[in-house]
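Protein chains get the first letters and strands the later ones, always in sequence-line order, with residue 1 at the start of each.
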Amino acid sequence: MKHIFLTLFLIFCISPAFAAEKDVVIKVNGMVCDFCAQSVLKIFSKEEGVTDIDVSLDESTVSLNLEDGATITDEKIAEIINFSGYDLVEIICIQ
Amino acid sequence: MQAKARPVSYQGGWTAMFMNDADKHSAHIHYSPTVNTSLGYKLEYWRDGDFTVNAIQMNNLLKRWNKKGSQANIYLKSGLGVAYSDAGDFDGETDPAGFVGLAADWENRRFFVSYENRYTEAGDIADFYTQSARVGITPYIGEFGDLHTWIMLQADHKPESDNTLTFTPLIRMFKGVHLGEAGISDEGDILFNYVIRY
């Protein structure tokens, strides 16, 4: 019985709901339109080490998941946001 | 969703636009080498004048205001090419053609307004000025990835036309990289536009 609970606990912990926290959250200005914000998705998805991208129009944020050990510099993020047509406000790194 | 679905895309992005309204059918495919410029091919068929324009079109983002919760833009659109008439007084005639115009827009997640003008010169075949404006509202505010729906009203002013001022209520819907618009003008003409971004 103890093993069943332990197995269930482990499955629960590694489920997507618990893995949803992002490594980097980027706040941007001007991102009000879904059709235009596709650019963010397209450019970040070409970036090596980025495994998942979430765009929130409500929060005006782009959230990234990175591969273990992968990094992305603030300069690169600023460049991508600029190439997408938006203004970078803040980069928040989640430890 | 800026004037006519963003005449300049993200850096490295491709866009294809197919527009049909009371006056013309057009196709425009452009590439954006920078976030401020797009370069592409424009094909137009003007029904009343029975002439075709093939042009290289360049769009320049002159100014963008990125604000928290809104964006505004001013674009310069210009094209240079050849016009060919296949009917009427100038049947079989080919002339150099060009056009230039300004487009401006502002939007937040609930409201949209835009204005656009253009002067077209095609030698003996045609020369005319047009301008149009749009207002739009979305009945619901969708998140990224949702199907977005906008209700819009477009006003077209064509000083040299029989119907100088026309109004076209339309619906704009977009999801992902696809955008479609459909409407009918107060003169009974159909508007149908489709845009895809790569």
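Residues A/I53 and A/I91 share a single hydrophobic cluster, defined by chaining ILVMFWY side chains whose heavy atoms lie under 4.5 Å apart. Under the 4.5 Å side-chain contact rule for hydrophobic residues, B/V35 and A/I43 do not share a cluster. Under the 4.5 Å side-chain contact rule for hydrophobic residues, A/V89 and A/I72 do not share a cluster. No single ILVMFWY cluster, assembled from side-chain heavy atoms under 4.5 Å apart, contains both B/L170 and B/I184.
In this structure a side-chain-to-backbone donor-acceptor pair under 3.5 Å is present from B/N66 to A/G85. In terms of modelled atom types and a separation under 3.5 Å, the side chain of B/R197 and the main chain of A/F35 share a donor-acceptor contact. Checking side-chain atoms of B/R109 against main-chain N and O of A/C33 turns up no donor-acceptor pair under 3.5 Å.
Within 6.0 Å of CG on B/L153 lie more than 12 heavy atoms contributed by other residues, nucleotides or ligands. Heavy-atom neighbours of B/I137 CD1 from other residues, nucleotides or ligands within 6.0 Å: above the threshold of 12. Within 6.0 Å of atom CG in A/D58, more than 12 heavy atoms from other residues, nucleotides or ligands are found, so the atom counts as buried in its surroundings. Around the NZ atom of B/K158, the shell of radius 6.0 Å holds more than 12 heavy atoms that belong to other residues, nucleotides or ligands. Around atom OH of B/Y198, no more than 12 heavy atoms belonging to other residues, nucleotides or ligands sit under 6.0 Å away. Atom CD of A/E48 has 12 or fewer neighbouring heavy atoms from other residues, nucleotides or ligands inside a 6.0 Å radius.
In this structure, CH2 on B/W65 lies 15.0 Å from CG on A/N29, to the nearest 0.5 angstrom. Taken to the nearest 0.5 Å, the CD atom of B/Q11 stands 7.5 Å off from the CD atom of A/E79. To the nearest 0.5 Å, the span separating NZ on B/K67 from CG on A/D87 amounts to 8.5 Å.
Residues of residues 142-150 of chain B that come closer than 4.5 Å to chain A, counting heavy atoms only, are B/G142, B/E143, B/F144, B/G145, B/D146, B/H148, ordered by residue number.
Each of B/S70, B/G13, B/S32 has some count of heavy-atom pairs under 4.5 Å with chain A, and the biggest count is that of B/S70.
Heavy atoms closer than 4.5 Å to chain B are found nowhere in A/I80, neither backbone nor side chain.
Judged as a ring pair (Phe, Tyr, Trp, His ring centres under 6.0 Å), and not counting sequence neighbours, the contacts of B/Y31 are B/W14.
By the 4.5 Å heavy-atom criterion applied to side chains, A/D34 and B/K175 are not counted as neighbours.
With A/V32 as the partner, the side chain to side chain contact (heavy atoms under 4.5 Å, CB included) test is satisfied by one option alone out of B/K68, B/E107, B/R110: B/E107.
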